[in-house]
Amino acid sequence: MNSRQIRQTFLDFFASKDHAIVTSAPMVVKNDPTLMFTNAGMNQFKDIFLGNSPANNPRIADTQKCLRVSGKHNDLEEVGHDTYHHTMFEMLGNWSFGNYFKKEAIDWAWELLVDVYKIPVDKLYVTIFEGDEKDGVPMDLEAHALWSKYLPEDRILKGNKKDNFWEMGDSGPCGPCSEIHVDIRSEDEKAMVNGRDLVNEGHPQVIEIWNLVFIQFNRKASGQLEELPAKHVDTGMGFERLCMVIQNKQSNYDTDVFQSVITQIGYLAGKKYGADEKADIAMRVIADHLRAISFAITDGQLPSNNKAGYVIRRILRRAVRYGYTFLDFRKPFIHQLVQVLAQNMGGAFPELIRQQELVVNVIREEEDSFLRTLETGIKMLDTIIETTKKNLGSEVNGNVAFELYDTFGFPLDLTELILREQELTVNRDEFELAMEAQKNRSRSATQLETGDWIELQQAEGEGFVGYDNVESKIKINRYRKVKGKKGEFYQLVFNTTPFYAESGGQVGDSGTIELNGNKVEIFDTVKENNLTVHLAKILPANPEGLFTARVNIHNRSLTENNHTATHLLDHALREVLGTHIEQKGSLVNPDSLRFDFNHFQKVTDDELLRIQERVNQLIRANEKKDERREVPIAEAEKMGAIALFGEKYGDKVRVIKFGDSVELCGGTHVESTGTIGQFIILSEGSISAGVRRIEAITAVKAEQYVETRLKTLKEVSSLFNNPADLKGAVEELFLKFQLLAKQAEAFEKENAGKLKRELLNQVETINGINFLGQQLKVDNSAILKDIAFQLKGELGNLFLVLAAEIDGKANIHVMISDNLLAEKGMNAGAIVRELAKSVNGSGGGQPFYATAGGKEPAGIPVLLQNARKLLI
RNA sequence: GGGGGAUUAGCUCAGUUGGCUAGAGCGUUUGACUGGCAGUCAAAAGGUCAUCGGUUCGAUUCCGAUAUUCUCCA
């Protein structure tokens with residue numbers, strides 16, 4: 001069976017057991033502050049488990065794209081060195097939401113593995129939870145009894161809380177789990193060591209492939225467990241491992257999931273997989289990371305310099321680094337692998353094919369920029385090596401290596417590699433110490449103290465009513481206090497709310513809640529795990545009461561103008577630039593709108609103008625809003641609605657139509673486009689390879705913009721006495737100015753020349769040295785400098801002192817011919833410092849030329865006499 | 001969100017205790033050699049040293065703020 005068949009078989013199997021098959025959620029997580037990426041199959045159902053949303057279907061199965069690179073599951077540094085860790089992987093899973101429980105979950109798992117996939121029974125082991133006294137949970141005898149039907153006692157192992165009790169977090173849903181392990185060692189090895197001794201011991205060929213979690217408890221903030229009324233099943237099976245087992249391979253990377261890409265890497269590198277351990281590791285790293293990066297990009301997460309984008313960048317750089325070090329790649333190469341990946345996985349994940357060009361471009365750009373980073377790092381390292389060797393050291397200071405890494409992004413392992421060639425090492429302890437200090441700094445800066453939720457009541461409500469109302473009666477169901485570095489605030493959850501929570505690029509609403517004349521301001525509204533959370537600086541006096549919630553209508557309607565304009569812009573972009581345009585991000589707030597989209601060249605001024613004109617045309621057409629809620633997703637697609645990659649949609653969606661613009665959107669919009677008034681594009685630029693950004697304003701802001709521009713224009717025009725051709729007048733003035741500036745420069749030169757000639761007549765020879773000490777009337781010290789250098793060029797054997805009073809201060813310049821420096825041991829710097837005493841000043845410079853300033857210009861004549869005396 | 005760095009000619013970058021009337025390479029323009037191209041040689045143009053403020057006799061250099069950008073950590 002190839003990997004495609006294995007995946008499909010899983011889905012077909014659970015479909016036959018009445019499961020709804022859903023698509024994978026995006027790998028990039030939105031609206032969950034605790035998680036950047038989907039790291040398990042259950043993530044997309046988290047809000048169901050938490051009780052925030054109802055389950056539309058009690059039985060679900062899917063394959064989920066997951067990424068484990070940060071937080072609890074951080075496998076990044078392992079990947080490639082062994083044969084079974086991955087950053088991105090697929091997790092096959094089936095779920096029951098208050099429907100079937102342990103019996104069905106275990107029976108079906110067994111049926112699928114043994115009867116369908118034909119995995120030999122004697123390779124399988126299972127584990128069950130042994131119980132925990134502290135939590136008061138007994139051994140999972142139910143699971144034990146179910147497994148006993150299929151396996152002898154010595155293949156059912158008891159596991160502790162760490163391995164066999166699953167928890168979502170410090171609090172929340174949890175329960176015992178039962179894992180299925182498989183032993184794929186050779187018969188010889190099995191004879192030597194019993195497989196049951198290797199389960200959960202980190203052996204690469206005795207591995208867990210499926211985890212069945214039975215969610216039957218809720219852990220309260222106090223740590224106590226309470227039995228859940230509705231019990232759930234959550235399972236996860238590693239797809240790549242399953243393929244390895246079924247295809248009888250010893251490594252995930254030997255399966256067809258990875259081999260096509262690895263073959264291509266080998267071809268590009270001119271090396272064969274399996275010939276050299278280090279090269280093999282590099283190929284595995286690259287094959288793995290390629291998938292992670294490509295899927296992240298298609299899900300809308302571009303590499304960037306912070307947060308999730310930075311994680312993606314780091315993964316890509318790790319791949320480049322391994323290619324650079326072990327496969328001798330010096331030019332971008334990873335982007336050349338995308339095509340093979342798309343061929344291999346595009347069937348199951350069509351977004352890879354659709355966005356292939358973007359993925360290639362983004363990766364190439366990133367590779368280029370990292371190779372540049374490496375180049376500058378190598379240059380810096382060269383000078384470090386040089387100085388270390390000059391000082392006869394054999395070890396490079398760890399802080400220096402850390403600076404190279406921290407500030408310039410040059411990885412430590414590369415530093416060490418290059419140093420080793422020069423027989424140098426890095427002081428690792430110093431490096432680690434500096435690293436630890438940096439981590440502590442970051443941690444203490446981001447510390448957020450989140451208190452427990454305080455449940456006030458469980459008032460029934462309608463959830464979000466803000467599409468139809470901007471004011472409604474609400475009750476506060478629960479709240480908690482959050483303490484950050486910049487003060488503390490409260491998070492409030494209502495039974496019903498007119499406040500729109502930040503989502504889909506539209507900022508959250510602000511406003512007030514009021515009870516008996518006491519108003520509390522809501523300064524922002526955000527979403528957390530599908531829960532609308534209102535942020536307030538203070539807690540209302542009687543939190544249990546019935547409040548009147550009012551959205552700040554002014555900001556809301558400005559935001560709506562911009563949001564609708566964004567849809568019109570999207571539509572216009574497709575008309576003018578082509579239908580390849582896809583949204584890559586957007587920001588909509590009361591002030592302006594920002595729209596990012598894929599396009600591979602600069603949008604020309606002409607195109608921009610046409611886009612702007614088209615949007616304004618659509619505004620004047622005054623298209624009425626056609627809003628449809630609860631549209632089945634298939635029907636929405638038939639309507640031609642534009643969906644976004646990387647956005648998670650439910651079965652039912654909301655469709656917003658304005659004329660021919662049709663989009664899936666949860667945001668708030670104007671009633672008809674005429675309200676927007678006017679649309680002006682402020683800028684167009686690139687934010688990353690293949691992604692452009694347009695910033696624009698509408699309505700009042702656009703009006704103000706035009707007004708100030710017109711006012712400025714009017715003022716400028718009146719400065720020119722309102723000419724018919726203002727542009728011509730300005731150009732003419734500019735030309736005249738240039739001419740005058742040139743003339744002035746020539747005049748000044750001539751003047752300086754004249755001055756210089758006059759000065760030449762004043763030269764007196766004292767003891768064979770040409771001396772000139774004069775006070776000049778100039779208003780700019782640059783002229784003195786210029787004259788000094790000119791005189792030096794014309795007259796040898798010269799000791800020159802020029803002085804002037806500029807802005808009430810004395811300005812002294814001393815110039816000495818080169819020959820005198822050596823012959824007479826004269827030094828302009830020392831001389832000028834000494835002379836400056838006469839004007840109560842100080843100065844300095846080089847031996848042949850120095851300047852000084854002083855606060856008492858009256859002393860200049862004395863100063864000049866003193867200068868003369870130096871020669872006598 | 002926090003730390004560190006960078007911003008100098010069209011591009012890539014030098015500029016080490018504050019004073020070298022701000023430099024290099026590539027590119028551009030002009031001239032010479034050549035039948036033409038390529039090329040070689042010669043010369044020139046091109047900079048408010050990111051912006052604003054401070055310290056100083058004097059700031060590209062030191063200090064502070066802002067903007068942009070790179071990088072590491074969370």
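Note that this is a predicted model, so its numbers are computed, not measured. A, B, ... follow the sequence lines: proteins, then strands. Residue 1 opens every chain. Side-chain atoms are counted along with the backbone in the values below, which use heavy atoms only and exclude waters and symmetry mates.
- Between B:G19 and B:U12, the distance separating the two P atoms is 27 Å to the nearest Å.
- B:U48 and B:C41: their C1' atoms are spaced 36 Å apart (whole Å).
- Residue A:Met380 contributes atom CE, which lies 9 Å from atom P of B:A6 at whole-angstrom precision.
- The number of heavy atoms from other shown groups lying within 6.0 Å of CZ (A:Arg321) is above 12.
- The backbone N or O of A:His335 lies less than 3.5 Å from a partner atom in the side chain of A:Glu367, making a donor-acceptor pair.
- Using C1' as the reference atom, B:C49 and B:U61 are 10 Å apart when rounded to the nearest Å.
- Taking 4.5 Å as the limit, every side-chain heavy atom of A:Met27 sits out of range of all side-chain heavy atoms of A:Gln301.
- For the C1' atoms, the distance linking B:U55 with B:C13 amounts to 30 Å, nearest Å.
- When rounded to the nearest whole Å, the span between CD of A:Glu375 and P of B:C13 equals 9 Å.
- A:Tyr849 and A:His813 form a side-chain donor-acceptor contact under 3.5 Å, judged by distance and modelled atom types alone.
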What are the atom names and distances for every N/O pair under 3.5 Å that joins the protein to nucleotides 53-59 of chain B?
residue	atom	partner	partner atom	Å
B:C57	N1	A:Ser842	O	3.2
B:C57	O2	A:Gly853	N	3.4
B:C57	N3	A:Ser842	O	3.2

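- Across all strands shown, B:G64 forms a Watson-Crick or G-U wobble pair, both distances under 3.5 Å, with B:C52.
- A:Ser592 places no side-chain N or O within 3.5 Å of a backbone atom of A:Val588 that could act as its donor or acceptor partner.
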Could you walk me through whether A:Asn797 and A:Ser817 satisfy the side-chain hydrogen bond (donor to acceptor under 3.5 Å, both in side chains) test, starting with their C-alpha distance in whole Å, then the side-chain angles of each, then the deciding distance to 0.1 Å, before giving a yes or no? CA-CA 5 Å; A:Asn797 232 14; A:Ser817 290; over 6 Å; no
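- Distance from the side chain of A:Arg317 is smallest to B:U71 among B:C20, B:U71, B:G5.
- Residue A:Asp406 contributes atom CG, which lies 12 Å from atom P of B:G3 at whole-angstrom precision.
- For a distance-only test at 3.5 Å, the side chain of A:Gln438 qualifies as a donor-acceptor partner of the base of B:C72.
- Rounded to the nearest Å, the gap between the P atom of B:C63 and that of B:G5 is 10 Å.
- For A:Lys785, whose side chain is taken as the heavy atoms from C-beta onward, the closest listed nucleotide among B:G4, B:U21, B:C72 is B:U21.
- Proximity of A:Tyr405 to the phosphate of B:C73: a side-chain N or O atom is located under 4.0 Å from OP1 or OP2.
- Contacts between residues 823-839 of chain A and RNA chain B, defined by a heavy-atom separation below 4.0 Å, involve no residue at all.
- Here B:G39 sits opposite B:C33 as a Watson-Crick or G-U wobble pair (both hydrogen-bonding atom distances under 3.5 Å).
- Taking atom CG on A:Asn440 and atom C1' on B:G2, their separation rounds to 12 Å, with Å as the unit.
- Ring geometry, A:Phe771 versus A:Phe799: the interplanar angle falls from 30° to 60°, so the pair is classed tilted.
- Nucleic acid contact class of A:Gly845 (heavy atoms, under 4.0 Å, all strands): base.
- For the residue pair A:Ala292 and A:Leu67, the shortest heavy atom distance occurs at CB-CD1, 3.6 Å.
- Note: CG (A:Asn399) to P (B:G5) measures 14 Å, nearest angstrom.
- The P atoms of B:A22 and B:A45 are separated by 14 Å, rounded to the nearest whole Å.
- Nucleotide B:U28 has B:A44 as its partner under the Watson-Crick or G-U criteria, with both atom distances under 3.5 Å.
- For A:Arg314, counting side-chain heavy atoms from C-beta on, the closest listed nucleotide (B:G2, B:U71, B:C73) is B:C73.
- A residue-by-residue look at A:Met435 and A:Thr376 shows that A:Thr376 has its nearest nucleotide of RNA chain B further toward the 5' end.
- The aromatic rings of A:Phe329 and A:Phe333 sit parallel, their planes meeting at an angle under 30°, below the 60° perpendicular limit.
- Within the structure, every side-chain polar atom (N or O) of A:Tyr849 is placed at least 4.0 Å from both OP1 and OP2 of B:U21.
- Not one side-chain nitrogen or oxygen of A:Arg313 sits closer than 4.0 Å to the OP1 or OP2 atom of B:C70.
- For the pair A:Phe410 and A:Ile418, the tightest heavy-atom approach, listed with the atom from each and the gap, is CZ-CD1, 4.0 Å.
- As a whole-Å value, the separation of A:Gln846 CD from B:G18 P is 14 Å.
- With a 4.5 Å cut-off on side-chain heavy atoms, A:Ile769 and A:Lys824 count as touching.
- In this structure, B:G1 forms a base pair with B:C73, meeting either the Watson-Crick or the G-U wobble geometry with both donor-acceptor distances under 3.5 Å.
- Atom NZ in A:Lys792 sits roughly 8 Å away from atom P in B:U21 (whole-Å rounding).
- The distance from atom CG of A:Leu404 to atom P of B:C73 is 14 Å, rounded to the nearest whole Å.
- Pairing for B:G23 is with B:C13, a Watson-Crick or G-U wobble pair whose two hydrogen-bonding atom distances lie under 3.5 Å.
- B:G31 and B:U68 have their P atoms separated by 45 Å, given to the nearest Å.
- Rounded to whole Å, the separation between the C1' atoms of B:U69 and B:A50 comes to 11 Å.
- A:Lys537 and A:Glu521 are not joined by a salt bridge, as no carboxylate oxygen comes within less than 4.0 angstrom of a charged side-chain nitrogen.
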